[in-house]
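The structure under discussion appears below in the form of structure tokens.
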Amino acid sequence: MTPRTNSTPPPTAPVSPAPAPAPAPAPNAASTTYFTGVDSPLGELLLVGVPSCTAPGGVALASLSLPGQCNAPAVRTHWRREAHPFTEAIRQLRAYFAGRLTRFDLEFQTTGTEFQERIWLALDAIPYGTTTTYGRLAEALRVPRSEVRALGAAIGANPLLLVRPCHRVVGADGTMRGYAGGVERKIALLTHEGALQPTLV
């Protein structure tokens with residue numbers, strides 16, 4: 001479209017009326033992003049989801065983050081705050097913290113690289129109440145030694161903290177490391193699951 005200018009047209013040139021503005025496009029439900037918050041012993045969790053015709057409530061979970069988490073997504077102005085689509089996710093989270101649920105059964109929709117998605121999927125297989133090491137996980141996935149650091153970075157970039165249990169991956173010497181939600185929360189989760197003994201103060 002030719003940009004308008006402030007110049008006055010010659011007297012003999014007819015002036016066409018300005019075209020009517022085009023109607024705003026209708027919202028595309030498929031591109032809508034939903035979010036809500038839910039209280040937990042770790043603080044308020046931020047749940048973010050995208051439409052899915054196969055997920056409970058019509059929303060697949062795209063992100064779950066903790067307060068103060070490194071690289072946590074920021075709520076954007078065009079996102080819609082609605083709790084209803086997350087009813088099942090919230091129910092399972094509450095059951096987990098109450099000690100009644102040991103494995104989440106939710107639909108996820110993440111957008112990592114092929115390598116990241118492979119690592120994130122493997123996290124689902126780490127049983128409740130246990131831990132594994134970065135080295136053992138790399139061995140199980142046949143990740144070359146030269147790519148173990150990349151595996152650690154992928155785990156650290158997990159967008160679904162808690163429900164995709166990257167907190168169950170520890171250092172070879174048992175140290176707590178690489179948890180975006182913070183070491184104290186990692187210890188709290190592993191203690192809750194029975195993988196660690198409560199610390200006496």
Please report the closest heavy-atom contact between Val148 and Ala138, naming both atoms and the distance. CG2-CB, 3.9 Å
Rounding to 0.5 Å, atoms CG (Asp124) and CG (Asp105) come to a distance of 10.5 Å
Please check if the number of heavy atoms outside Asn71 that lie under 6.0 Å from its CG is greater than 12. no
Beyond-backbone contact of Tyr134 with Val169, side-chain heavy atoms, under 4.5 angstrom: yes
Quick one: SG on Cys70 to CG on Leu161, what's the gap to the nearest 0.5 Å? 10.0 Å
Do we see a donor-acceptor contact under 3.5 Å between the side chains of Ser52 and Thr54? yes
If you look at every heavy atom in Leu66 and Gln69, which pair is closest and at what distance? N-OE1, 2.9 Å
Please report the interatomic distance CZ(Arg185) to NE2(His192), rounded to the nearest 0.5 Å. 15.5 Å
So which heavy atom on Ala55 is nearest to which on Glu107, and how close? N-OE1, 3.3 Å
Would you sort out whether Thr191 and Gln197 count as a side-chain contact (heavy atoms from CB on, under 4.5 Å), showing the intermediate values? CA-CA 6 Å; Thr191 302; Gln197 294 299 313; over 6 Å; no
Would Tyr34 end up clustered with Leu93 when hydrophobic side chains under 4.5 Å apart are linked, directly or stepwise? yes
If we ignore hydrogens and angles and just use 3.5 Å, is the side chain of Gln116 paired with the main-chain N or O of Thr113 as donor and acceptor? yes
Can you hop from Tyr128 to Leu106 via hydrophobic side chains spaced under 4.5 Å? yes
Looking only at the aromatic ring of each residue, does the gap between the centers of Tyr96 and Phe104 stay below 6.0 angstrom? yes
Find out whether Val50 and Val59 are in side-chain contact, i.e. whether some heavy atom of one side chain is under 4.5 Å from a heavy atom of the other. no
Please round to the nearest 0.5 Å and tell me the distance separating atom CG of Leu137 and atom CD1 of Ile155. 5.0 Å
How long is the straight-line distance from OG1 of Thr33 back to CZ of Arg80, given to the nearest 0.5 Å? 10.5 Å
Is it the case that more than 12 heavy atoms not belonging to Glu184 sit under 6.0 Å from its CD atom? no
Taking Trp120 for its side chain and Ala154 for its backbone only, find out whether a donor-acceptor pair lies under 3.5 Å. yes
Side-chain heavy atoms nearer than 4.5 Å, only ILVMFWY residues, links allowed to pass through others: does that put Phe97 and Leu61 together? yes
Are more than 12 heavy atoms from other residues, nucleotides or ligands located less than 6.0 Å from atom CD of Glu82? yes
Which atom pair, heavy atoms only, marks the closest approach of Tyr179 to Cys166? CE1-SG, 3.7 Å
Any side-chain heavy atom of Val183 within less than 4.5 Å of one from Ile187? yes
Shortest non-hydrogen contact between Ala98 and Arg100, atoms and distance: CB-NH1, 3.2 Å
Run the side-chain contact (heavy atoms from CB on, under 4.5 Å) check on Val48 and Thr36 step by step: do they pass? CA-CA 7 Å; Val48 181; Thr36 193; over 6 Å; no
Dump the intermediate steps for side-chain contact (heavy atoms from CB on, under 4.5 Å) on Leu189 and Leu42, then the final yes or no. CA-CA 9 Å; Leu189 288 170; Leu42 305 179; 3.8 Å; yes
Flag, side chain of Lys186 to backbone of Val170, donor-acceptor distance under 3.5 Å: no
Closer than 3.5 angstrom, by distance alone: can the side chain of Asn158 be matched with the main-chain N or O of Arg164 as a donor-acceptor pair? yes
Kindly work out whether a path of hydrophobic side-chain contacts (I/L/V/M/F/W/Y, heavy atoms less than 4.5 Å apart) joins Val38 to Leu64. yes
ILVMFWY cluster, Val163 and Leu46 together (side-chain gap under 4.5 Å): no
So does Glu88 pair up with Arg91, basic N to acidic O under 4.0 Å? yes
Does a side-chain heavy-atom distance below 4.5 Å link Leu151 with Glu147? no
Of all heavy-atom pairs linking Thr130 and Ala195, the shortest is N-CB, 4.2 Å
Between the CZ atom in Arg142 and the CZ atom in Arg118, the distance rounded to the nearest 0.5 Å is 9.5 Å
Heavy atoms, side chains only, cut-off 4.5 Å: are Pro51 and Gln109 in contact? no
Are Leu190 and Met176 side-chain neighbours, meaning at least one heavy-atom pair lies under 4.5 Å? yes
Step by step, work out the side-chain contact (heavy atoms from CB on, under 4.5 Å) result for Arg168 and Glu193. CA-CA 10 Å; Arg168 296 175 191 160; Glu193 296 178 1; 2.9 Å; yes
